[in-house]
Amino acid sequence: KRGIYSLSLPFCLEPLLKTKVERTPPEAQVEAVQEGIKEGSCPSDWYTYGSHCFKFVSIQQSFVDSEQNCLALGGNLASVHSLLEYQFMQALTKDANGHLHSTWLGGFDAIKEGTWMWSDGSRFDYTNWDTDEPNNAGEGEDCLHMNAASAKLWFDVPCEWKFASLCSRRM
Ligand SMILES: [Ca+2]
Ligand SMILES: [Ca+2]
């Protein structure tokens with residue numbers, strides 16, 4: 001096998017390639033295959049948008065329990081970065097009757113009031129709040145859910161509330 005690389009790659013690249021191959025432990029490769037993960041694709045029961053895989057979880061639980069569940073699945077609660085991506089996500093949260101379920105995304109301002117962040121660490125560079133939201137109502141609202149009220153946009157609500165959730169992970 002090395003003979004082919006030796007012929008087709010500049011000699012300076014060959015040591016890099018060899019190093020990379022040797023550093024991938026066989027156990028890790030087996031694990032990845034068992035999980036059904038290949039580079040550039042999503043596990044079979046996840047949906048693909050851009051460079052991410054998405055999975056709707058219908059069980060209703062708190063924000064932190066939802067995030068923990070997503071972590072166990074190899075991801076985080078989903079972040080949103082465009083209207084098209086939001087519409088794609090809405091399609092995943094729609095049931096057979098066309099009802100859009102209230103669903104946790106990974107947005108929170110629990111660290112600093114008014115400073116919203118995504119649990120996956122990505123930039124908070126797109127928003128789709130409903131009118132007069134986020135309003136941090138009552139004793140405070142620090143977590144973000146989608147498909148809120150009639151407009152099906154975003155509300156901030158107490159993190160203890162229980163909703164379905166949307167997980168995402170990198171391809
Ligand atoms: Ca808040
Ligand atoms: Ca609110």
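Note that the coordinates shown come from a computational prediction; the quantities given were computed from them, not determined experimentally. Numbering of ligands and ligand atoms starts at 1, following listing order. In what follows, every heavy atom counts, from backbone to side chain, and hydrogens, waters and symmetry copies are set aside. We're numbering straight along the sequence, starting at 1.
The Ca ion (ligand 1) sits nearest to atom OD1 when only the N, O or S atoms of Asp142 are considered. Looking only at its N/O/S atoms, Glu113 has OE1 as the one nearest to the Ca ion (ligand 1).
Between Tyr49 and Phe88, the ring planes are tilted. Angles from 30° to 60° get that label. Ring geometry for Trp161 against Phe163 counts as perpendicular: the plane angle is over 60°, on a 0 to 90° scale with 30° as the lower cut.
Using a cut-off of 3.0 Å, one finds that Glu141 contributes an N/O/S atom close to the Ca ion (ligand 1). For residue Asn136, no N/O/S atom approaches the Ca ion (ligand 2) to within less than 3.0 Å.
Around the Ca ion (ligand 2), the two atoms O of Asp156 and OE1 of Glu133 are separated by an angle of 100°, to 10 degrees.
Lys94 NZ: 12 or fewer foreign heavy atoms inside a 6.0 Å radius. When the shell of 6.0 Å around CG of Asp125 is examined, it contains more than 12 heavy atoms from other residues, nucleotides or ligands.
For the residue pair Ser122/Ser79, the side-chain donor-acceptor check at 3.5 Å is satisfied.
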